[in-house]
Number of protein chains: 2
Amino acid sequence: MQPSDPLREQMIAQYDAMSAQLQQAARYVLEHPEEVALVSMREVARLAGVQPATMTRLAKFLGLPGYDELRAQHAAALRQRGDGFAAKVRQRVDEGSGRGASDTASHMLQGLSAQLAKLCEPDALRQLEGTATRLRSARKVYVLGLRSCHAVAWHFHYVMTLLGERSVHLDGPGGTGGDGLIRATSEDVLLVISIKPYAKDALELAQLAKDKGVGIVSITDSEVSPLVGMSAQTILCPTETDSFFHTLTPALAVSEVLCSLLAEFDRPQTLEALQQADEHLSHLNTYSTAIPRRQ
Amino acid sequence: MQPSDPLREQMIAQYDAMSAQLQQAARYVLEHPEEVALVSMREVARLAGVQPATMTRLAKFLGLPGYDELRAQHAAALRQRGDGFAAKVRQRVDEGSGRGASDTASHMLQGLSAQLAKLCEPDALRQLEGTATRLRSARKVYVLGLRSCHAVAWHFHYVMTLLGERSVHLDGPGGTGGDGLIRATSEDVLLVISIKPYAKDALELAQLAKDKGVGIVSITDSEVSPLVGMSAQTILCPTETDSFFHTLTPALAVSEVLCSLLAEFDRPQTLEALQQADEHLSHLNTYSTAIPRRQ
DNA sequence: ATTTTAATGATTTATTTGTTGCAAACATCT
DNA sequence: AGATGTTTGCAACAAATAAATCATTAAAAT
């Protein structure tokens with residue numbers, strides 16, 4: 001963000017030499033420099049998830065006399081930003097007049113940003129809430145998304161897996177994806193994600209599920225999507241870009257919001273489930289705890 | 001400076017009704033709003049040349065519960081200025097006076113929208129462009145994303161597959177994911193996506209690839225991500241939400257932008273590749289052409 | 001001129017802050 | 001294994017903080 005902030009650079013440079021807790025503290029400071037300037041040390045520590053003492057230790061590790069100096073530097077940086085405001089705008093204009101790639105990228109990102117903002121409209125929120133409610137009451141949640149929608153389906157399933165064991169992902173090698181539905185009942189719900197062009201297999205599987213009495217909810221792209229007719233709840237999200245492809249970013253955002261709503265519904269249970277997942281994964285040594293040597 | 005700061009306007013409006021000391025305090029606050037946010041009340045009082053108690057009285061005079069609220073408001077204003085681009089979007093956040101789920105959803109979506117807007121800043125655009133350039137010149141592009149990042153990796157790979165045959169997805173059943181690298185050379189590039197907590201396997205595979213001379217580019221979440229050190233190009237994207245989970249929406253957006261930039265680079269070839277894909281898929285009868293019967 | 005009212009200054013009080021010392025837990029290396 | 005050095009969490013501390021209280025002063029009204 002500020003390439004010319006010496007303290008920042010020092011933290012990045014010395015990051016590898018820090019202990020785990022120090023790294024966690026440093027990471028938060030790097031990512032939330034304003035907070036360091038604006039709130040108390042204990043509060044920063046709380047937000048960073050470390051002991052208050054660790055913040056002091058971080059300051060000393062960086063060669064500063066104490067935490068106050070750390071805050072002072074961040075405060076100074078924040079003060080300067082008021083002045084440097086004009087410079088930033090100028091920089092943007094310079095570049096904005098420009099050529100090619102950055103322009104395309106910026107335009108596309110702004111479009112996506114606007115699409116997400118649009119999802120905040122009352123209609124969309126109602127759909128989200130309705131769908132979350134329906135999913136909440138399900139015994140099992142089957143998740144189906146083929147081809148381009150695989151990414152969204154899988155991610156939803158992945159998060160739901162961390163949360164409990166109600167989720168079944170309808171996908172598998174050798175075309176066995178549909179087998180998950182063998183014992184599906186009317187107590188279950190199928191979340192199907194599909195956008196134009198709609199994959200035939202997805203529609204057929206959804207129809208099959210519906211015939212078995214499974215409740216259908218869907219994330220799709222249009223009022224006239226084939227999914228709308230067979231779904232008890234539908235969330236519509238935009239997919240258009242000015243590029244060649246349809247975007248799945250709004251759909252992924254929607255699925256993440258659904259996960260959050262479901263998680264938020266029963267916080268204690270969610271926390272317990274997440275802790276279980278943590279333990280399991282740490283036993284499996286899945287994640288890199290210490291940062292490996294840099295090259 | 002801030003025409004839409006209600007507290008500011010209130011102070012100006014009520015200025016005449018204040019006592020001499022209160023006016024002096026208010027004047028300083030109006031002229032040095034950053035200081036109010038950044039230093040203690042007593043210090044502000046000293047700088048303003050009034051008694052500490054006067055600052056408390058000023059806050060109460062303005063109808064606030066106490067000085068803390070005065071500082072909180074100035075801090076919030078300062079925070080927003082930092083976000084710059086996203087500020088516009090952020091303004092609406094507090095409007096939701098609401099209850100429950102819709103509120104959570106709306107808040108989260110607005111946050112995501114702001115994060116995408118932030119990616120339009122010059123720094124991020126530079127990273128995007130640099131990475132796209134690096135990917136463009138690669139003979140083959142290997143794509144690696146494990147666990148939560150699988151969704152992004154797979155989607156990138158999927159789109160790249162429609163575009164040509166340069167993409168290899170490093171994933172597979174039975175832990176065979178790394179096998180794709182067997183014939184990787186220094187002409188190739190590995191795109192690795194990983195966010196905290198970083199999957200050990202992903203880091204190890206990336207390191208292996210690097211040792212083979214493969215160029216590394218990455219999408220990750222922090223300056224101090226272990227990927228930064230081993231990558232020729234890195235795109236940083238935010239992952240924080242106020243929910244339990246990290247979001248992958250910005251990462252997906254970034255990957256879609258990368259795809260677009262690559263596609264845009266050679267439009268004729270892209271169009272041809274897409275037409276081929278269309279033909280292939282229509283021969284396979286993959287997509288539902290007619291909208292099936294509604295129920 | 002005297003009372004009343006508001007404003008300002010000084011003092012006190014209960015919190016909160018940043019720091020430090022110490023013991024348990026941890027990893028590391030013979 | 002056992003010993004050693006580091007890292008980490010906890011609790012106690014002194015300093016500083018914001019607010020509440022009381023005393024004094026200045027101005028306004030009678």
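Every chain is numbered from 1, with letters handed out A, B, ... down the list of sequences. Given the structure is predicted, the values throughout are model-derived calculations rather than measurements.
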Contacted region of DNA chain C by chain B, from 5' end to 3' end of the hits, cut-off under 4.0 Å to heavy atoms, spans dA7(C) to dA10(C)
Can you check whether T131(B) reaches T234(B) side chain to side chain, under 4.5 Å on heavy atoms?
no
Could you walk me through whether Y287(A) and D278(A) pass the side-chain hydrogen bond (donor to acceptor under 3.5 Å, both in side chains) check?
CA-CA 10 Å; Y287(A) 295 120; D278(A) 264 0; over 6 Å; no
*Would you check, one step at a time, whether the test side-chain hydrogen bond (donor to acceptor under 3.5 Å, both in side chains) holds for S106(B) with Q110(B)?*
CA-CA 6 Å; S106(B) 169; Q110(B) 292 191 29; 3.3 Å; yes
OG1 of T247(B) to CD of Q115(B), rounded to nearest 0.5 Å, is 6.5 Å
Q269(A) atom CD, neighbour heavy-atom count above 12 within 6.0 Å:
no
Identify each donor-acceptor pair in which a side-chain atom of residues 56-73 of chain A lies under 3.5 Å from a protein atom, sequence neighbours left out, and give them as a table.
residue, atom, partner, partner atom, Å
D68(A), OD1, R71(A), NH2, 3.2

CG (L258(B)) and CD (Q127(B)) are apart, to the nearest 0.5 Å, by 11.0 Å
Every protein N/O lying under 3.5 Å from an N/O of nucleotides 9-12 of chain D:
residue, atom, partner, partner atom, Å
dG9(D), OP2, Q21(A), OE1, 2.9
dG9(D), N7, R57(A), NH1, 3.4
dG9(D), O6, R57(A), NH2, 2.5
dC10(D), OP2, Q51(A), NE2, 2.8

Hits for side chain to side chain contact (heavy atoms under 4.5 Å, CB included) against R267(A), two or more places apart or cross-chain, chain-then-number order -> E264(A), F244(B)
What contact category does S19(B) fall into here, base, sugar-phosphate, or nothing, at under 4.0 angstrom with non-hydrogen atoms?
sugar-phosphate
Within residues 59-72 of chain B, those residues having any heavy atom closer than 4.0 Å to DNA chain D are K60(B), G66(B), Y67(B), D68(B), R71(B)
Expected list for residues 235-242 of chain B: side-chain donor-acceptor pairs under 3.5 angstrom, two or more places apart:
residue, atom, partner, partner atom, Å
E240(B), OE1, H32(A), NE2, 3.3
T241(B), OG1, S243(B), N, 3.0
T241(B), OG1, F245(B), O, 2.8
D242(B), OD2, H107(B), ND1, 3.0

*Is it true that a side-chain atom of Q24(A) and a backbone atom of A48(A) form a donor plus acceptor pair closer than 3.5 Å?*
yes
